Amino acid sequence: MEIGYLGPEGSYSHAASQIYAPEAIGIGMSSFSEIFEGVETERLDIGILPIENSTEGAVTAVMDGLLHRKKVKIIDELIYQIKHCLLSNSKTMDKIAYVLSHPQALGQCREFFARNYPQIGLIPCESSSQACITAKEKGETYGAIANKQAGEIYGLNVLNGKIQDNLFNQTRFIMIGRKDTEITGKDKTSIVFSFQDDYPGSLYSILREFADEDINLTRIESRPAKAEMGKYIFYIDFCGHYKEEKVNRILQRIEKLTSWIKILGSYPFGSLRE
């Protein structure tokens, strides 16, 4: 089995992929779009993508990617404990003028740098592992935010092993594939939908459907529809599998209340992994 992750080797996505499928062949990809495309075109069996962080919230590029793919669906998830380290060729902080990492990682350490090293410039790049490669190439004035394993892979020193602002920093990773999953009894379903016209109580009419059937929502997000100001699309995760009779009944009713709806996938609840 081949699993695509945001690379190069040593990224958090790579670490999560090794936990999820240790026997799989990992394929490092340069972007989320490339992972989606790999699964869509059957170059990859599975892709792993971060969709939500307990500090920074939703990863919007992944949410948008799910919306626009025809074959791709969510098939599984895991929750990964994120521990950010400050890595560098340098052995001390004195020489460091710039620190690189993925924008999500930079955001999760923003207060640490504002409080302790406000003079350091924070530079976004494609992934935390790419940040390590670049910092290694540029020398002692550059650092990177990544995990300890990435430091070992690229031969960087750990200057600080706990720089995230939230000590309970966790990222929810989803696995995407092309096949439907079966009911396990401990499932959740992700959907996205929009309304033709925004009217008072439109979203409430959807939420009431779940409340009336005693189904719990685990997440709700809104995103601009990008068509015109004031138009939004809504993402909802809820307990249950879309093949269950009660859930299928709700989805049929929601279809009548919306201009369109897409089932992003049903999959087992993920557990916390380190």
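Reckoned from all heavy atoms, side chains included, excluding hydrogens, waters and symmetry mates. Here the structure is a predicted model, which is why all the values come from computation and not from measurement. This chain uses plain numbering: 1 for the first residue, then up along the sequence.
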- [ ] Show the numbers, then the answer: is there a ring-ring contact (aromatic ring centres under 6.0 Å, His included) between Phe269 and Tyr267?
- [x] CA-CA 7 Å; Phe269 273 88; Tyr267 47 98; 7.9 Å; no

TODO: With rounding to the nearest 0.5 Å, note down the distance linking CD in Glu34 to CE in Met29.
DONE: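 If I round to the nearest 0.5 Å, the distance is 5.0 Å.
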
TODO: State, to 0.1 Å, how close Ala58 and Met63 come at their nearest heavy-atom pair, and which atoms those are.
DONE: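 In terms of heavy atoms, the two residues are closest at CB-SD, 3.3 Å.
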
Any ion pair linking [Y] and [X] (charged N to carboxylate O, less than 4.0 Å)?
| X | Y | answer |
| --- | --- | --- |
| Arg43 | Glu2 | no |
| Asp165 | Arg110 | no |
| Lys71 | Glu40 | no |
| Arg253 | Glu213 | yes |
| Lys243 | Glu182 | yes |

Task: Contacts of type side-chain contact (heavy atoms from CB on, under 4.5 Å), residue Asn157, not counting sequence neighbours - done: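 For Asn157, the residues satisfying side-chain contact (heavy atoms from CB on, under 4.5 Å) (neighbours in sequence not counted) are Lys91, Leu159.
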
TODO: Assign the ring pair Tyr117 / Phe113 to parallel, tilted or perpendicular, where the plane angle (0 to 90°) is split at 30° and 60°.
DONE: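 Answer is tilted, since the angle falls between 30° and 60°.
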
TODO: Assign the ring pair Phe210 / Phe238 to parallel, tilted or perpendicular, where the plane angle (0 to 90°) is split at 30° and 60°.
DONE: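 If you compare the ring of Phe210 with that of Phe238, the planes turn out tilted.
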
Would you check if [X] and [Y] make a side-chain contact, meaning some heavy-atom pair closer than 4.5 Å?
| X | Y | answer |
| --- | --- | --- |
| Arg178 | Val72 | no |
| Asn160 | Asn116 | no |
| Ile145 | Cys85 | no |
| Thr189 | Asp237 | no |

Tell me if the [atom1] atom of [X] is crowded by more than 12 foreign heavy atoms within 6.0 Å.
| X | atom1 | result |
| --- | --- | --- |
| Lys162 | NZ | no |
| Tyr98 | OH | no |
| Glu152 | CD | yes |
| Asp214 | CG | no |
| Lys246 | NZ | yes |

- [ ] Assess whether side chain to side chain donor-acceptor pair (under 3.5 Å) is satisfied between Asn89 and Tyr142, documenting all intermediate values.
- [x] CA-CA 8 Å; Asn89 278 324; Tyr142 280 76; over 6 Å; no

Task: side chain to side chain donor-acceptor pair (under 3.5 Å) evaluation trace for Ser127 with Ser129 - done: CA-CA 5 Å; Ser127 68; Ser129 50; 3.2 Å; yes

Donor-acceptor pair, distance only, cut-off 3.5 Å: does the side chain of [X] make one with the backbone of [Y]?
| X | Y | result |
| --- | --- | --- |
| Ser128 | Ala146 | no |
| Lys262 | Leu67 | yes |
| Ser54 | Phe168 | yes |

TODO: Say whether Gln108 and His84, considering side chains only, have a donor N or O and an acceptor N or O under 3.5 Å apart.
DONE: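 Per modelled atom types, Gln108 and His84 side chains form a pair under 3.5 Å.
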
Open item on the list: Pairing donors with acceptors under 3.5 angstrom, does anything connect the side chains of Tyr242 and Asp187?
Closed with: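 Judged by distance alone, the side chains do not pair up.
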
TODO: Given side chain to side chain donor-acceptor pair (under 3.5 Å), test Gln252 with Asn248 step by step and report yes or no.
DONE: CA-CA 6 Å; Gln252 289 181 34; Asn248 189 260; 2.6 Å; yes

Task: Matching residue for Ile174 among Ile75, Val62, Ile48 - test: side-chain contact (heavy atoms from CB on, under 4.5 Å) - done: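 When side-chain contact (heavy atoms from CB on, under 4.5 Å) is applied between Ile174 and each of Ile75, Val62, Ile48, only Val62 qualifies.
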
TODO: Output, in order, the C-alpha distance, side-chain angles, deciding distance and verdict of side chain to side chain donor-acceptor pair (under 3.5 Å) for Asn147 and Tyr12.
DONE: CA-CA 7 Å; Asn147 56 48; Tyr12 288 102; 5.0 Å; no

